Amino acid sequence: MHHSSREAQLGAALVEAADTLSDAFDTVAYLRRLSDHCVALLDASAAGIMLIEGGETVSFGVSSRQQELALDLLEVQRHDGPCLECYGSGEPVPPVAIRAAHASSRWPDFTQQALRYDIGSTFAVPLRRNGTPLGALNVFVPEPARPSPAPSPVPSPSSPPADETALLLAQTLADAAALGLANHRMFAQHRTLAGQLQDALSSRVRIEQAKGILAERRGTGTDEAFIALRRYARSHRLPIDEVATAVITGSQDIAELGREHPGPHD
């Protein structure tokens, strides 16, 4: 991939990684799109992201390209594999040749499955936020093509090795994904809290309205009206907000609220 097009692709990926503040956010779709960007940037066979919480896998997101391959290679990592090793250490797992890893019995189940898919090498980088590991991004690289008889170009002394560049790009995407996921979690928590506060405020308004109706109809003060509401709710095991709503809508006979006898705590 040409440098300018790679930079454009990386920029688009980072912008997309930041776009998580939405009620319609879908974690699996989000991880899939980032995996797609990773595959395009690194010319990989496939890629996938494993989210882990409390030592248990909670979600997968795999690239659109070769979805079955990526999903199989994530699911086979139940006990060991590059994702779990990366998550456990909090550090990247540099590119590993699959055949060499299989011969040395490193990740036996994973490497056996990878060989079936003609994967030549793999590497993983952690998703982490403020030192807390969230999971890992795993990249699957195909077996190299037969070498060309033409000599390979010598890299510029200022250029980092290809493996180092691949790790850097993948880690950049993983860091962006971790930030995006953390921001969405905070956004969701704030929305939930805002909803709870709004419900509490609405409930309080309904109770105050019901107190006013009762006080007017019964010719009592609002404190006495509230005691009647609360007493009725307790004796019938109903939320006081439900009783207040019934009073407001007229579905609750106000006269019934005066028939309850005060308890010792009213």
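Predicted model only: the values in this text are computed from it and were never measured. What's counted below: heavy atoms across the whole structure, side chains too, no hydrogens, waters or symmetry copies.
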- Is Leu74 reachable from Ile98 through a run of hydrophobic residues whose side-chain heavy atoms are each under 4.5 Å from the next? yes

- Query: Do the side chain of Arg128 and the main chain of Leu134 share a donor and acceptor less than 3.5 angstrom apart?
  - Reply: no

- Report the distance from atom CG of Leu229 to atom CG of Leu214, rounding to the nearest 0.5 Å. 5.0 Å

- Which atom of Val76 lies closest to which atom of Leu73, heavy atoms considered: CG1-O, 3.6 Å

- Query: Side chain of Ser63, backbone of Ala47: donor and acceptor closer than 3.5 Å?
  - Reply: yes

- Message: Regarding Arg206 and Gln209, do their side chains bring together a donor and an acceptor under 3.5 Å, going by distance alone?
- Response: no

- Query: Does Val125 share a hydrophobic cluster with Ile52, counting links as ILVMFWY side-chain heavy atoms below 4.5 Å and allowing steps through other members?
  - Reply: no

- Query: Checking side chain to side chain contact (heavy atoms under 4.5 Å, CB included) for the pair Arg106/Glu85: CA distance, chi angles, key distance, verdict?
  - Reply: CA-CA 11 Å; Arg106 183 181 184 184; Glu85 184 172 314; 2.8 Å; yes

- Separation between OG1 of Thr132 and CD of Glu53, rounded to the nearest 0.5 Å: 11.0 Å

- Message: So does Ala44 get a backbone contact from the side chain of Arg65, meaning a donor-acceptor N/O pair under 3.5 Å?
- Response: yes

- Query: Distance only, no hydrogens: is a donor on one side chain within 3.5 Å (strictly under) of an acceptor on the other, for Asp36 and Ser64?
  - Reply: yes

- Item | Glu208, CD: over 12 other non-hydrogen atoms inside 6.0 angstrom | yes

- Does any donor atom in the side chain of His37 or Gln9 lie under 3.5 Å from an acceptor atom in the other side chain? yes

- Query: Are the side chains of Leu167 and Pro94 in touch, meaning some heavy atoms are under 4.5 Å apart?
  - Reply: yes

- Item | Cys83 backbone acceptor or donor facing Gln77 side chain under 3.5 Å | yes

- Query: Would a 4.5 Å heavy-atom cut-off, applied to side chains only, mark Val28 and Ser59 as touching?
  - Reply: yes

- Item | Heavy-atom side-chain proximity of Tyr30 to Ile49 below 4.5 angstrom | no

- Evaluate the criterion side chain to side chain contact (heavy atoms under 4.5 Å, CB included) for residue pair Cys38 and Leu42; output intermediate values, then yes/no. CA-CA 6 Å; Cys38 189; Leu42 301 175; 3.6 Å; yes

- Task: Can you see which heavy atom on Ile213 is nearest to which on Ile248, and at what distance?
- Result: CD1-CA, 3.9 Å

- Note on the structure: Taking every heavy atom of Leu69 against every heavy atom of Ile119, the minimum-distance pair comes out as CD1-CD1, 4.0 Å

- About how many Å separate CG of Leu127 and CD of Gln171, when rounded to the nearest 0.5 Å? 8.0 Å

- How many angstroms lie between atom CZ of Arg237 and atom CZ of Arg234, to the nearest 0.5 angstrom? 13.5 Å

- Message: Could you tell me if the side chain of Leu173 sits less than 4.5 Å from the side chain of Leu41, heavy atoms only?
- Response: yes

- Query: Measuring from Glu224:CD to Arg231:CZ, what's the distance to the nearest 0.5 Å?
  - Reply: 10.0 Å

- Distance-only donor-acceptor check, side chains Asp72 and Tyr117, under 3.5 Å: yes

- Answer yes if Leu71 and Val39 sit in the same cluster of Ile, Leu, Val, Met, Phe, Trp and Tyr residues linked by side chain heavy atoms under 4.5 Å apart, and no otherwise. no

- Note on the structure: Closest non-hydrogen contact found for Asp175 with Pro126 is OD1-O, 4.4 Å

- Message: Assess whether a salt bridge exists between Arg99 and Glu143, defined as any Lys/Arg side-chain N lying under 4.0 Å from an Asp/Glu carboxylate O.
- Response: yes

- Message: Nearest 0.5 Å, please: how far is CD1 in Ile240 from CD1 in Ile207?
- Response: 5.0 Å

- Message: Within the structure provided, determine whether Leu51 and Leu181 are in side-chain contact (heavy-atom separation under 4.5 Å).
- Response: yes

- Query: Within the side chain of Thr222, is there an N or O that forms a donor-acceptor pair under 3.5 Å with the backbone of Lys211?
  - Reply: no

- Task: Evaluate the criterion side chain to side chain contact (heavy atoms under 4.5 Å, CB included) for residue pair Arg129 and Leu179; output intermediate values, then yes/no.
- Result: CA-CA 7 Å; Arg129 183 63 185 153; Leu179 178 58; 3.3 Å; yes

- Looking only at heavy atoms, what is the nearest atom pair of Leu14 and Ala176, with distance? CD2-CB, 3.6 Å

- Item | Single-linkage hydrophobic cluster Tyr87~Val93, side-chain heavy atoms < 4.5 angstrom | yes

- Message: Quick one, Thr122 and Val141 - any side-chain contact, counting heavy atoms below 4.5 Å?
- Response: no

- How far apart are the closest heavy atoms of Asn138 and Phe123, and which atoms are they? ND2-O, 2.9 Å

- Item | Member of Leu31, Val62, Leu84 meeting the side chain to side chain contact (heavy atoms under 4.5 Å, CB included) criterion with Met50 | Leu84

- Hey, quick one: are Phe226 and Leu238 part of the same hydrophobic cluster, counting side-chain heavy atoms closer than 4.5 Å, chains of contacts allowed? yes

- Message: Ring-plane angle category for Tyr232 and His236, please: parallel below 30°, perpendicular beyond 60°, tilted otherwise.
- Response: parallel

- Task: Go through the steps to decide whether Val96 and Trp107 satisfy the test side chain to side chain contact (heavy atoms under 4.5 Å, CB included), and finish with yes or no.
- Result: CA-CA 11 Å; Val96 176; Trp107 317 320; 4.0 Å; yes

